[in-house]
Amino acid sequence: MAIHLYNSLTRTKEEFRPLVEGQVGMYVCGPTVYGPPHLGHAKSYLTFDVLAKYLRQTGLKVRYVQNITDVGHLTDDADAGEDKIIKQARLDQVHPWEVVDRYMRLYFDDMTALRIAHPSFYVRASQHIGEQIEAVVALLKKGHAYEVDGNVYFDVGSFAGYGKLSGRVMDEQREAVRVEARSEKRHPRDFALWKRAEPGHILRWNSPWGPGYPGWHIECSVMSTKYLGETFDIHGGGLENMFPHHECEIAQSEAETGKPFARFWVHNNMVTVDGVKMGKSLGNFRTVRDLLQKHTPEAIRVFVLSTHYRSPTNYTEEAIGAAATGLGRLTQCYATLRDLETRGAPGEEPAIAGLCADTARALGEAMDNDLDTPGAIAQIYEFVTAVNRRLTTGPLPAAAAREAARLLHTWAGDLLGILAEPAAGEGNVDLAPIMDLVIELRKDLKAAKQFSLADKIRDRLKTAGIVLEDTRDGTRWRKA
RNA sequence: GGCGGCAUAGCCAAGUGGUAAGGCGAAGGUCUGCAAAACCUUUACACAUCGGUUCGAAUCCGAUUGCCGCCUCCA
């Protein structure tokens with residue numbers, strides 16, 4: 001069975017087949033770099049990280065392009081408002097590109113910390129100004145745009161398909177509410193392709209219409225089609241960008257090329273905090289950096305991925321804590337299996353091979369079902385329970401342990417990124433031989449019934465961050 | 001006002017017509033010198049409410065209530 005994805009364009013779950021067999025082109029709306037990444041970014045880029053990894057795992061070659069919006073856009077789509085990046089630059093008293101550089105690096109660092117792989121490559125709006133101007137010229141030439149005093153607007157009325165993604169009909173809606181008395185636009189629905197730079201607007205480029213800067217939507221149309229083709233497979237982004245951003249992208253692109261734009265539109269839902277949308281403008285956002293202070297990357301990932309990407313994620317400290325606790329069993333099981341890989345007895349165990357095959361199949365079915373990561377996580381936990389149950393009867397043969405460990409490594413580690421590798425020899429000194437000695441000495445103490453001393457060792461080690469666990473097969477240790 | 005979505009156990013969360021996955025928490029138990037870990041058992045006979053379709057619905061249709069998102073920048 002091939003992967004099925006919910007396509008916002010058709011509002012149904014469809015089987016995904018790439019345009020070109022074996023190859024996938026995917027474009028995802030990246031951040032505007034004027035502030036620190038927050039949990040909302042994490043959910044979005046985590047979603048597409050897992051999607052790209054899963055597509056690759058199924059054997060497809062994926063070109064995953066993500067943009068960085070670094071030219072700034074107005075805080076308001078009317079002619080009022082201030083460019084977000086320029087505003088931040090003014091607040092920080094630095095050049096706008098220092099803002100861009102700072103938050104772009106922070107973005108890369110935080111994504112890396114969350115085990116989100118780099119896309120195939122990033123593209124920056126500021127490095128595609130020429131192409132954006134060309135696109136505006138082409139739209140003007142085709143009669144889909146008009147210029148007014150250094151501003152160029154897209155004529156929405158000239159594109160019949162406008163509204164097909166978001167379901168918005170071209171009526172008055174709340175036009176009357178919006179104060180646009182001085183607008184030069186022919187119709188309130190029209191949107192800017194190119195904006196005239198007012199004095200003091202530092203980020204500006206020369207154009208046939210005078211100095212200015214591109215409109216918000218045009219960069220994605222230009223960069224996606226430049227690197228993926230006029231029609232490409234998947235366009236992803238946050239749900240809140242469906243309208244107007246994605247709707248406008250479609251209008252511009254299809255008006256210019258006359259061909260279908262993205263085939264699949266994949267939108268992730270929002271993150272709320274205590275039931276309220278988390279947003280930069282609301283000031284209630286949790287930055288990735290803050291979260292990483294309290295939780296491991298794996299815990300954050302398992303928390304986010306245990307809600308389906310199309311459902312809202314409600315952040316509470318309790319929920320993320322519960323997710324982190326549950327992860328402990330997985331981590332422990334994996335560490336035990338890795339240990340048995342080297343120490344386990346020779347021989348085979350068909351039951352484990354069967355369990356691995358069944359689990360892998362179930363995991364594939366879950367992922368094929370519109371990226372059902374909660375279902376996949378449930379499968380992994382069931383697998384862990386089954387392995388642990390088997391381990392209560394004695395150690396596993398090395399080969400079986402290796403196979404079980406590989407399954408966890410592939411799905412929980414490489415794909416979902418929720419599996420922490422056992423920390424081996426942190427720091428300069430390898431603790432293993434030291435711990436072997438301590439454990440051996442303590443074993444002698446226990447044999448001599450010197451329990452209070454044995455307990456003291458265990459207590460002191462716990463204070464030092466090392467947990468001892470006495471099992472039937474001897475004592476093992478791990479970092480707390 | 002327009003468009004869209006969601007309502008499942010104490011909490012989080014799957015479920016896409018055949019009589020409710022998984023995680024956390026809680027209770028009991030096995031193992032253990034004790035502890036920890038692990039395992040076992042229990043924890044949803046009204047899946048928001050009311051109707052309807054069907055042999056059969058958490059799952060489809062309608063209405064109602066509540067919540068959320070978009071319609072202005074936001075992942």
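Just so we're on the same page: letters track the sequence lines, and every chain starts at 1. Just the heavy atoms: all of them, side chains too, but no hydrogens, waters or symmetry mates, feed the values below.
- Using N1 to N3 plus N6-O4 or O6-N4 for Watson-Crick, or N1-O2 and O6-N3 for G-U wobble, each under 3.5 Å, B:C31 pairs with nothing.
- Across all strands, A:Asp372 comes closer than 4.0 Å only to sugar-phosphate atoms, never to a base (heavy-atom distances).
- B:C31 and B:A20: their C1' atoms are spaced 33 Å apart (whole Å).
- If you check every strand for non-hydrogen atoms under 4.0 Å, A:Gly40 touches a base.
- Straight-line distance from the CE atom of A:Met111 to the P atom of B:A75: 11 Å, rounded to whole Å.
- Among the protein residues, A:Tyr381 comes within range of the sugar-phosphate backbone only, with heavy atoms under 4.0 Å from sugar or phosphate atoms but none that close to a base.
- Residue-level contact check: A:Leu468 touches the bases, meaning some heavy atom is under 4.0 Å from a base atom.
- When heavy atoms are screened at a 4.0 angstrom cut-off, A:Arg329 is found touching the sugar-phosphate backbone but no base atom.
- Taking a cutoff of 4.0 Å between a charged side-chain nitrogen and a carboxylate oxygen, A:Arg458 and A:Asp470 qualify as a salt bridge.
- Annotation: B:A57 and B:C47 have their C1' atoms spaced 11 Å apart (nearest Å).
- Across the C1' atoms, B:C3 and B:U59 are found 25 Å apart, a figure rounded to whole Å.
- The NE2-C1' distance, from A:His245 to B:G69, rounds to 18 Å in whole Å.
- Picking from B:U16, B:C40, B:A75 the nucleotide with the shortest atom distance to the side chain of A:Met278 gives B:A75.
- Nucleic acid contact for A:Thr385: sugar-phosphate only, since backbone atoms but no base atoms lie under 4.0 Å from a heavy atom of the residue.
- Using atom P as the reference point in both B:U42 and B:G5, the two lie 39 Å apart (nearest Å).
- Among the nucleotides B:C24, B:A14, B:C11, the one closest to any side-chain atom of A:Ala322 is B:C24.
- If you find the closest nucleotide of RNA chain B to A:Val384 and to A:Phe243, the one lying nearer the 5' end belongs to A:Val384.
- When A:Phe16, A:Tyr6, A:Phe232 are each tested for a ring-ring contact (aromatic ring centres under 6.0 Å, His included) with A:Phe264, only one passes: A:Phe16.
- For the pair A:Asn314 and A:Asp455, both in contact range of RNA chain B, the more 5′-proximal nearest nucleotide belongs to A:Asn314.
- OP1 or OP2 of B:A14 sits under 4.0 Å from a side-chain N or O of A:Ser311.
- Spacing between atom CD1 of A:Ile320 and atom P of B:A13 amounts to 13 Å, rounded to whole angstrom units.
- Using P as the reference atom, B:C55 and B:C50 are 23 Å apart when rounded to the nearest Å.
- With 3.5 Å as the limit, one finds no donor-acceptor pair spanning the side chains of A:Glu469 and A:Thr475.
- Within 4.0 Å of A:Lys446, counting heavy atoms only, lies at least one base atom of the nucleic acid.
- Computed from coordinates, the A:Glu318 CD to B:C11 P distance equals 9 Å when rounded to whole Å.
- Considering only side-chain atoms of A:Asn388, the nucleotide from B:U16, B:C39, B:C11 that sits closest is B:C39.
- Atom CG in A:Leu371 sits about 14 Å away from atom C1' in B:A14, given to the nearest Å.
- Of the candidate nucleotides B:G33, B:C39, B:C24, B:G33 has the atom nearest to the side chain of A:Arg442.
- Checked against side-chain contact (heavy atoms from CB on, under 4.5 Å), A:Glu403 has the following partners two or more places apart in sequence or in another chain: A:Ala353, A:Cys356.
- Rounded to a whole Å, the CD atom of A:Glu219 is 14 Å from the C1' atom of B:C74.
- Contacts of A:Tyr45 with the nucleic acid, taken as non-hydrogen atoms under 4.0 Å apart, involve only primed sugar atoms and P, OP1 or OP2.
- Note on A:Asn241: a side-chain N or O is less than 4.0 Å away from OP1 or OP2 of B:C74.
- In this structure, A:Thr316 reaches neither bases nor backbone, as no heavy-atom distance under 4.0 Å exists between it and the strands shown.
- For A:Ala319, whose side chain is taken as the heavy atoms from C-beta onward, the closest listed nucleotide among B:G69, B:C12, B:G15 is B:C12.
- Within the 4.0 Å cut-off from OP1 or OP2 of B:A35, not a single side-chain nitrogen or oxygen of A:Arg458 is found.
- Counting non-hydrogen atoms under 4.0 angstrom, A:Glu469 reaches a base of the nucleic acid.
- Among B:A13, B:A75, B:C24, the nucleotide with an atom closest to any side-chain atom of A:Thr325 is B:C24.
- When the C1' atom of B:A36 is taken as reference, atom CD of A:Gln332 falls 10 Å away, rounded to whole Å.
- When only modelled atom types and interatomic distance are considered, A:Thr112 and A:Asp110 share no side-chain donor-acceptor pair under 3.5 Å.
- Across all strands, A:Asp370 comes closer than 4.0 Å to no nucleic acid atom at all (heavy-atom distances).
- Under the Watson-Crick and G-U wobble criteria, each requiring two contacts below 3.5 Å, nucleotide B:A37 is left unpaired.
- Comparing the P positions of B:U16 and B:A75 gives an interatomic distance of 33 Å, to the nearest angstrom.
- Taking atom CZ of A:Arg310 as the reference point, atom P of B:A14 lies 11 Å away to the nearest angstrom.
- Across all strands, A:Ser166 comes closer than 4.0 Å only to sugar-phosphate atoms, never to a base (heavy-atom distances).
- In this structure, the salt bridge (charged side-chain N to carboxylate O under 4.0 Å, His left out) partners of A:Arg124, at least two apart in sequence or on a different chain, are A:Asp70.
- The phosphate of B:C74 has OP1 or OP2 within less than 4.0 Å of a side-chain N or O from A:Trp216.
- B:G25 and B:G10 have their C1' atoms separated by 8 Å, with the value rounded to a whole Å.
- Comparing the same atom, P, in B:U64 and in B:A58 gives a spacing of 23 Å after rounding to whole Å.
- Heavy atoms of A:Val28 sit nowhere under 4.0 angstrom from any nucleic acid atom.
- Between A:Tyr153 and A:Phe191, the gap from one ring centroid to the other reaches at least 6.0 Å.
- With B:C70, B:C34, B:A36 as the choices, the nucleotide that has an atom nearest any side-chain atom of A:Arg478 turns out to be B:A36.
- The one candidate from A:Tyr309, A:Tyr64, A:Tyr107 that meets the ring-ring contact (aromatic ring centres under 6.0 Å, His included) condition with A:Tyr45 is A:Tyr107.
- With a cut-off of 3.5 Å on both pairing distances, B:A9 has no Watson-Crick or G-U wobble partner at all.
- Counted by atom type alone, A:Asp368 and A:Tyr54 present one or more donor-acceptor pairs between their side chains at under 3.5 Å.
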